[in-house]
Amino acid sequence: MSRLRGALAGSVAASPVWSPRTRARLLRSLGAGIGQGVKVRPFIRFIGSPDVLTVGRGSFLNVGLTVGANADVRVGERVSIGPNVSLLPTTHEVGPSQARAGATVSAPVVVGDGTWIGAGATVLGGVTVGPGCIIAAGAVVTDDCEPNGLYGGVPARLIRRLDD
């Protein structure tokens, strides 16, 4: 059933024929925890089932969001996520030279309230992005981000602190 929900979320619910609010309702019916007033743009993709995703009220998920599997992905309230962002809780341990992608490891991704994640950014498993952060376009977030910071780069680093 989990695979079916993932397939429906990535095809029917992700279709551009729906309004952003209707798409949010469809995802909710498929197991995602979608809060009130959430807007979801088309072409959202799930690696696995949508039931790993929780999104707080008033958030905006732009086109092409990829949500990974095997651990929770929790997005706070009033979060804005730019186009083609990836929230990926699963990776691999480094394996031997014959197969560098070793055993699968997963840890939650948490995005704090009021955060803005720019276009094309990637947030990896085990990362908590504190409330009020800005993650610059194209950044790869590999470590936790303190609240109210502007982070950018590969890997993402604190660029400056933001006012409350």
Side-chain angles (χ1 to χ4, degrees), residues 1-95 99-113 115-130 133 135 137-145 154-156:
M1 188 61 148
S2 176
R3 267 200 248 181
L4 176 60
R5 283 196 313 264
L8 289 171
S11 59
V12 175
S15 171
V17 301
W18 310 113
S19 73
R21 289 184 190 224
T22 299
R23 191 171 297 103
R25 284 194 298 273
L26 287 167
L27 291 172
R28 192 179 298 121
S29 72
L30 292 168
I34 306 290
Q36 291 297 321
V38 171
K39 295 179 183 173
V40 183
R41 301 292 297 158
F43 309 116
I44 188 169
R45 295 179 299 268
F46 291 88
I47 303 168
S49 178
D51 60 2
V52 299
L53 179 64
T54 303
V55 182
R57 68 180 175 81
S59 291
F60 175 75
L61 311 179
N62 213 327
V63 297
L65 174 65
T66 299
V67 178
N70 301 327
D72 289 340
V73 175
R74 296 186 300 269
V75 175
E77 296 183 352
R78 300 168 315 282
V79 171
S80 292
I81 295 182
N84 301 313
V85 166
S86 296
L87 304 175
L88 304 174
T90 301
T91 188
H92 297 273
E93 292 179 350
V94 176
R100 288 293 184 202
T104 300
V105 292
S106 300
V109 170
V110 178
V111 178
D113 295 344
T115 292
W116 171 23
I117 300 179
T122 300
V123 182
L124 299 179
V127 168
T128 296
V129 176
C133 282
I135 305 300
V140 177
V141 184
T142 61
D143 291 309
D144 290 350
C145 299
V154 179

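This structure is a prediction, so every number in the text was calculated from the model and none was measured.
Two residues are said to be in side-chain contact when any heavy atoms from C-beta on lie closer than 4.5 Å; Leu87 and Val75 meet this criterion. Side chains of Val52 and Pro89 form no contact here, defined as non-hydrogen atoms less than 4.5 Å apart. By the 4.5 Å heavy-atom criterion applied to side chains, Pro42 and Val63 are counted as neighbours. Within the 4.5 Å cutoff, the side chain of Leu53 has heavy atoms near those of the Val73 side chain.
A side-chain donor-acceptor contact under 3.5 Å links Arg5 to the backbone of Leu30. In this structure, the side chain of Asp72 does not engage the main chain of Pro108 through any donor-acceptor pair within 3.5 Å. Remark: side-chain polar atoms of Trp18 are paired, donor with acceptor, to backbone N or O of Val12 under 3.5 angstrom. Side-chain atoms of Arg100 come within 3.5 Å of backbone N or O of Gly95 as a donor-acceptor pair. Side-chain atoms of Arg41 never come within 3.5 Å of backbone atoms of Pro20 as a donor-acceptor pair (strictly under, hydrogens ignored). Remark: side-chain polar atoms of Asp113 are not paired, donor with acceptor, to backbone N or O of Gly76 under 3.5 angstrom.
For Ser86, there are no side-chain hydrogen bond (donor to acceptor under 3.5 Å, both in side chains) partners, not counting sequence neighbours. Take Ser19 and apply the side-chain hydrogen bond (donor to acceptor under 3.5 Å, both in side chains) test, not counting sequence neighbours, and it matches Thr22.
Shown here for Val40 and Leu27, the closest heavy-atom pair between the two residues is CG1-CD1, 3.9 Å.
Interatomic distance, OG1 of Thr142 versus CG of Leu124, reported as 6.5 Å (0.5 Å rounding).
Between Arg45 and Thr66, the side chains place a donor N or O and an acceptor N or O closer than 3.5 Å (distance only, hydrogens not considered).
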Inset, instruction - Kindly indicate, with the supporting measurements, whether the criterion side chain to side chain contact (heavy atoms under 4.5 Å, CB included) is fulfilled by Leu88 and Thr122. - result: CA-CA 7 Å; Leu88 304 174; Thr122 300; 4.0 Å; yes
Inset, instruction - For side chain to side chain contact (heavy atoms under 4.5 Å, CB included), just list the numbers for Val127 and Val109, CA-CA rounded to whole Å, side-chain angles, deciding distance to a tenth of an Å, and then say yes or no. - result: CA-CA 5 Å; Val127 168; Val109 170; 5.6 Å; no
